[in-house]
Structures are given as structure tokens and as C-alpha cells.
Amino acid sequence: MMKPAYPESYLESIRIKIKYLFRLIARNCPDTFERIKQYMECEYRTYMDMGNPLYLNKSPKQILGSMGIAISPEKEISGAYDEFILDWMADIYTCMQWEYGLASSEIVEKIPPERLYRIYNPLREASLKNGMEKLLKIFWENKE
């Protein structure tokens with residue numbers, strides 16, 4: 001696997017940013033999983049994966065606006081999604097990309113958001129690192 005595209009000093013702020021971004025999507029978009037997938041595959045995320053500081057430093061609202069997704073930040077929590085699970089998903093996607101140098105688009109292709117959301121319960125007991133390792137074994141190593 002490749003080394004991370006950006007310094008570790010960015011990692012925690014990216015994790016916080018993506019958690020908030022996923023929450024905004026869940027609160028504003030009825031097609032939450034499709035929008036998360038769209039974000040993970042967008043050009044903006046590709047530049048973040050490459051460590052471009054211009055893209056690493058944008059706010060979630062700026063990112064969603066660049067994707068043509070209008071949001072209302074004051075919307076209430078959606079009853080359709082558990083935001084704690086969405087936070088965990090944001091951590092998994094962000095840390096897998098950073099730790100293993102995988103493209104976000106590849107991660108979301110192999111582990112679509114709806115699938116990752118559903119497998120939270122078996123993996124929630126594992127540490128983030130152990131969860132990522134299990135996901136790699138399941139979705140990368142077990143493929144022909």
C-alpha cells in the first residue's frame with residue numbers, strides 16, 4: 001500500500017470535517033447513501049486523496065456546494081439514519097484512504113455506504129484500526 005498523501009497533522013481535522021459532511025447529507029438529502037457515494041467519487045475528493053491543500057482546507061458546506069448539493073445547516077437530525085453510525089463510516093472511509101493510500105472512489109466501490117452502514121454492528125466492537133483491517137480482508141483479499 002502507498003504512503004499517505006498528506007501529513008498526519010491534517011488527519012484529525014479531515015475526520016471531523018467528513019463526519020459533519022455526512023451528517024449534513026443525512027439531514028438534507030433523502031438519497032443519503034447515493035450522495036455519500038457521489039462525494040467519495042467526486043473530483044473534489046480525488047484532490048483531497050492527493051493531498052492538495054486547497055481541497056483539504058475547504059469546509060463541508062463548500063465541498064457540498066461544489067457538488068451542487070444545497071443544504072440547510074440548521075436542519076434537525078434525521079430519524080432515518082443513526083448519526084453515530086455515519087460518524088463511524090466517515091472515520092472508516094477517511095482513515096482507510098489515509099492509512100492505506102487507497103483512492104476514496106475505490107473504497108466506496110468495494111464497500112458501498114449502504115453496506116458499510118449495515119455492517120456497523122459486527123464491527124463496532126473493534127478498534128478503528130482492527131475494523132479497517134477486517135474490511136481489507138473481507139473486501140480486498142477475498143476477491144479473485
Side-chain angles (χ1 to χ4, degrees), residues 1-69 71 73 75 77-144:
M1 307 261 173
M2 298 175 59
K3 77 176 207 151
Y6 52 87
E8 188 172 6
S9 59
Y10 281 98
L11 184 58
E12 189 59 28
S13 68
I14 298 294
R15 287 176 65 183
I16 291 166
K17 180 185 314 193
I18 304 313
K19 287 176 185 182
Y20 183 56
L21 186 139
F22 281 15
R23 289 179 198 163
L24 287 174
I25 290 173
R27 293 175 185 188
N28 288 274
C29 304
D31 53 347
T32 297
F33 294 140
E34 186 55 41
R35 294 302 184 149
I36 289 173
K37 187 174 189 307
Q38 178 187 359
Y39 160 71
M40 292 290 289
E41 295 174 335
C42 77
E43 182 178 14
Y44 206 99
R45 184 65 204 194
T46 301
Y47 286 120
M48 287 176 73
D49 288 358
M50 290 189 272
N52 185 318
L54 177 66
Y55 292 86
L56 292 171
N57 291 311
K58 297 289 184 186
S59 75
K61 290 186 264 184
Q62 289 172 311
I63 295 168
L64 293 172
S66 75
M67 295 172 56
I69 299 173
I71 54 106
K75 282 224 172 169
I77 294 173
S78 167
Y81 300 98
D82 184 325
E83 289 191 1
F84 189 78
I85 298 174
L86 293 174
D87 287 353
W88 175 81
M89 289 172 59
D91 277 345
I92 289 287
Y93 283 148
T94 301
C95 292
M96 281 186 85
Q97 187 284 317
W98 187 83
E99 182 79 22
Y100 301 109
L102 300 168
S104 294
S105 59
E106 179 184 5
I107 296 168
V108 80
E109 178 185 318
K110 291 191 184 261
I111 314 169
E114 57 278 0
R115 180 94 190 261
L116 188 56
Y117 189 90
R118 282 193 317 268
I119 61 176
Y120 165 77
N121 273 328
L123 290 177
R124 72 180 163 82
E125 298 296 327
S127 69
L128 184 60
K129 181 143 180 79
N130 285 342
M132 291 187 306
E133 289 171 359
K134 288 177 187 215
L135 290 167
L136 283 172
K137 284 183 176 148
I138 295 166
F139 293 98
W140 271 266
E141 295 175 12
N142 290 336
K143 303 297 177 199
E144 285 115 84

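Between Tyr117 and Ala80, the shortest heavy-atom distance links the atoms OH-O, 4.3 Å. Contact between Thr94 and Leu11 at its shortest, heavy atoms only, is CG2-CD1, 4.1 Å. Summarising the geometry of Ala5 relative to Asp49, their closest heavy-atom pair is CB-O, 2.6 Å, with the distance given to 0.1 Å. Shown here for Leu116 and Leu135, the closest heavy-atom pair between the two residues is CD1-CD1, 4.0 Å. In terms of heavy atoms, Ala26 sits closest to Ser78 at O-CB, 3.5 Å. Minimum interatomic distance between Leu128 and Cys95 (heavy atoms only, all atoms of both residues): CD2-SG, 3.6 Å.
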Run the numbers on Glu133 and Lys137 for salt bridge (Lys or Arg N to Asp or Glu O under 4.0 Å), then give the verdict.
CA-CA 6 Å; Glu133 289 171 359; Lys137 284 183 176 148; 5.8 Å; no

Verify side-chain contact (heavy atoms from CB on, under 4.5 Å) between Ile69 and Asn28, making sure each step is shown before the conclusion.
CA-CA 9 Å; Ile69 299 173; Asn28 288 274; 5.9 Å; no

Would you please test Lys58 and Met48 for side-chain contact (heavy atoms from CB on, under 4.5 Å) and show each step?
CA-CA 10 Å; Lys58 297 289 184 186; Met48 287 176 73; over 6 Å; no

side-chain contact (heavy atoms from CB on, under 4.5 Å) between Ile92 and Leu123, worked out
CA-CA 11 Å; Ile92 289 287; Leu123 290 177; 6.0 Å; no

Audit row: Arg124, Trp88, side-chain contact (heavy atoms from CB on, under 4.5 Å) steps and yes/no
CA-CA 8 Å; Arg124 72 180 163 82; Trp88 175 81; 5.6 Å; no

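In this structure, the side chains of Asp31 and Gln38 stay at 4.5 Å or more apart for every pair of heavy atoms. In this structure the side chain of Pro113 reaches within 4.5 angstrom of the side chain of Tyr93, judged on heavy atoms. Taking 4.5 Å as the limit, every side-chain heavy atom of Tyr39 sits out of range of all side-chain heavy atoms of Pro60. The closest side-chain heavy-atom distance from Phe84 to Tyr120 is below 4.5 Å. When side chains are defined from C-beta on, Ile14 does not count as touching Trp98, because their heavy atoms never get closer than 4.5 Å.
Summarising the geometry, atom CG belonging to Asn130 is positioned 9.0 Å from atom CE belonging to Met132; distances are rounded to the nearest 0.5 Å. The line from CZ of Arg35 to CE of Met67 is 7.0 Å long, rounded to the nearest 0.5 Å. Atom CD1 of residue Ile63 and atom NZ of residue Lys17 lie 5.0 Å apart, to the nearest 0.5 angstrom. In this structure, CG on Asp87 lies 7.0 Å from CD on Glu83, to the nearest 0.5 angstrom. Rounding to the nearest 0.5 Å places OH of Tyr44 at 6.5 Å from CG of Leu54. For the atom pair OH of Tyr81 and CZ of Phe22, the computed distance is 12.5 Å after rounding to the nearest 0.5 Å.
The environment of Tyr47 atom OH is sparse: at most 12 non-hydrogen atoms of other residues, nucleotides or ligands sit within 6.0 angstrom. Atom CD of Glu12 sits in a crowded spot, with more than 12 heavy atoms from other residues, nucleotides or ligands closer than 6.0 Å. In the displayed structure, Glu109 atom CD is contacted under 6.0 Å by at most 12 heavy atoms of other residues, nucleotides or ligands.
In summary, of the residues considered (Leu102, Ile18, Ile107), a side-chain contact (heavy atoms from CB on, under 4.5 Å) with Gln97 occurs for Ile107 alone.
In this structure, the ring of Tyr55 has its center no less than 6.0 angstrom from the ring center of Tyr6.
Using a 4.0 Å cut-off between a side-chain N of Lys or Arg and a carboxylate O of Asp or Glu, Glu114 and Arg118 do not qualify as a salt bridge.
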